[in-house]
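For reference, the structure discussed in these notes is given below.
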Amino acid sequence: QVQLVESGGGLVQPGGSLRLSCVASGSIVSINSMGWFRQAPGKERELVAQVTSRGSTNYADSLKGRFTISRDNAKNTVDLQMNSLKPEDTAVYYCNAAVTSRWYGPIQDYWGQGTQVTVSS
């Protein structure tokens, strides 16, 4: 089993910053991609950003320039630095990891429990 634990959410004023962190633990041979998704009330879950084990990144077009994803392969962690936050960034943010749990085994998707980010004055 693999567990993803997020931290760093909270309430912030418009224009402020937050940093989310996620650590993966458990039965891990390798982690391909790690990333963040978000889901606002009444909306579908959407990609925020992803990073591969080699450091290649992929961002939602609307978030480029404000959000930065980073990863520490040795610690199995992924962070999301969010700047210039807007009310429309309010959502539950979920950590995601594509993990191989045994040698030559399949890659499986795992999710964290989610952390609330609220941008409001």
Side-chain angles (χ1 to χ4, degrees):
Q1 288 293 333
V2 174
Q3 297 81 39
L4 301 181
V5 178
E6 302 117 332
S7 61
L11 173 64
V12 64
Q13 293 187 341
S17 298
L18 277 177
R19 188 176 184 88
L20 305 182
S21 296
C22 173
V23 57
S25 63
S27 180
I28 299 172
V29 171
S30 64
I31 303 178
N32 290 15
S33 67
M34 298 187 79
W36 292 91
F37 289 70
R38 68 183 184 184
Q39 188 167 19
K43 295 187 177 181
E44 294 186 353
R45 190 173 297 189
E46 62 178 0
L47 170 71
V48 175
Q50 284 182 311
V51 56
T52 69
S53 58
R54 296 188 177 186
S56 296
T57 57
N58 179 37
Y59 291 90
D61 286 342
S62 61
L63 301 177
K64 289 180 181 177
R66 295 195 298 123
F67 289 15
T68 303
I69 192 169
S70 59
R71 175 175 173 173
D72 187 327
N73 290 333
K75 297 180 179 179
N76 291 335
T77 60
V78 62
D79 291 348
L80 183 70
Q81 178 66 40
M82 304 185 293
N83 298 327
S84 303
L85 284 162
K86 305 175 181 180
E88 51 264 42
D89 294 319
T90 296
V92 178
Y93 283 70
Y94 295 91
C95 179
N96 169 263
V99 178
T100 301
S101 295
R102 54 186 174 87
W103 292 105
Y104 309 112
I107 299 171
Q108 295 178 287
D109 258 352
Y110 290 90
W111 294 88
Q113 79 285 355
T115 185
Q116 178 70 47
V117 171
T118 302
V119 184
S120 175
S121 56

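Between the OG1 atom in T77 and the CG atom in D72 there is a gap of 4.5 Å [rounded to 0.5 Å]. Distance OG/S30 to CD1/I107: 7.0 Å, rounded to 0.5 Å. Residue I31 holds its CD1 atom at 6.0 Å from CZ of R71, rounded to the nearest 0.5 Å. Remark: K64 NZ to T57 OG1 distance equals 8.5 Å, nearest 0.5 Å. Atom NZ of K75 is separated from atom CG of D79 by 9.5 Å, given to the nearest 0.5 angstrom. For the atom pair I69 CD1 and M82 CE, the distance stands at 11.5 Å (nearest 0.5 Å).
Screening residues 80-98 for side-chain hydrogen bond (donor to acceptor under 3.5 Å, both in side chains) gives S17-N83, R19-Q81, R38-D89, R38-Y93, R66-D89, Q81-N83 as the qualifying pairs, with residues at least two apart or on separate chains. Identified under the disulfide bond (SG atoms under 2.5 Å apart) test for residues 44-121, with sequence neighbours left out: C22-C95.
Distance alone, capped at 3.5 Å, is enough to place a donor-acceptor pair between the E6 side chain and the G114 backbone. Put simply, the side chain of T52 gets close to the backbone of R54: a donor and an acceptor are under 3.5 Å apart. Judged by distance alone, with hydrogens and angles left aside, the side-chain atoms of S101 form a donor-acceptor pair with the main-chain N or O of S27 at under 3.5 Å.
The two residues L47 and A60 have their closest heavy-atom pair at O-CB, 3.4 Å. Contact detail for Q116 and A91: the closest heavy-atom pair is NE2-O, 3.4 Å.
Cluster membership check: I28 shares its hydrophobic cluster with M34, using side-chain heavy-atom separations under 4.5 Å among Ile, Leu, Val, Met, Phe, Trp and Tyr. Under the 4.5 Å side-chain heavy-atom criterion for grouping Ile, Leu, Val, Met, Phe, Trp and Tyr, V51 is connected to V2 within one hydrophobic cluster. Clustering ILVMFWY residues whenever any of their side-chain heavy atoms sit less than 4.5 angstrom apart, transitively, puts V92 in a cluster other than the one holding L4.
Looking at L85 and F67, their side chains come closer than 4.5 Å, going by heavy atoms from C-beta outward. Inter-residue side-chain proximity for V117 and L20 is flagged as met; some heavy-atom pair is nearer than 4.5 Å. In this structure, L80 and T68 have side chains that are not in contact, with every pair of non-hydrogen atoms separated by 4.5 Å or more.
Less than 6.0 angstrom separates the ring centroid of W111 from the ring centroid of F37.
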**Message:** For a side-chain contact (heavy atoms from CB on, under 4.5 Å) check, start with the C-alpha distance between V12 and T118, then their side-chain angles and the critical distance, and finish with the verdict.
**Reply:** CA-CA 6 Å; V12 64; T118 302; over 6 Å; no
**Request:** Determine, stepwise, if the pair N76 / S25 fulfils side-chain contact (heavy atoms from CB on, under 4.5 Å).
**Result:** CA-CA 7 Å; N76 291 335; S25 63; over 6 Å; no
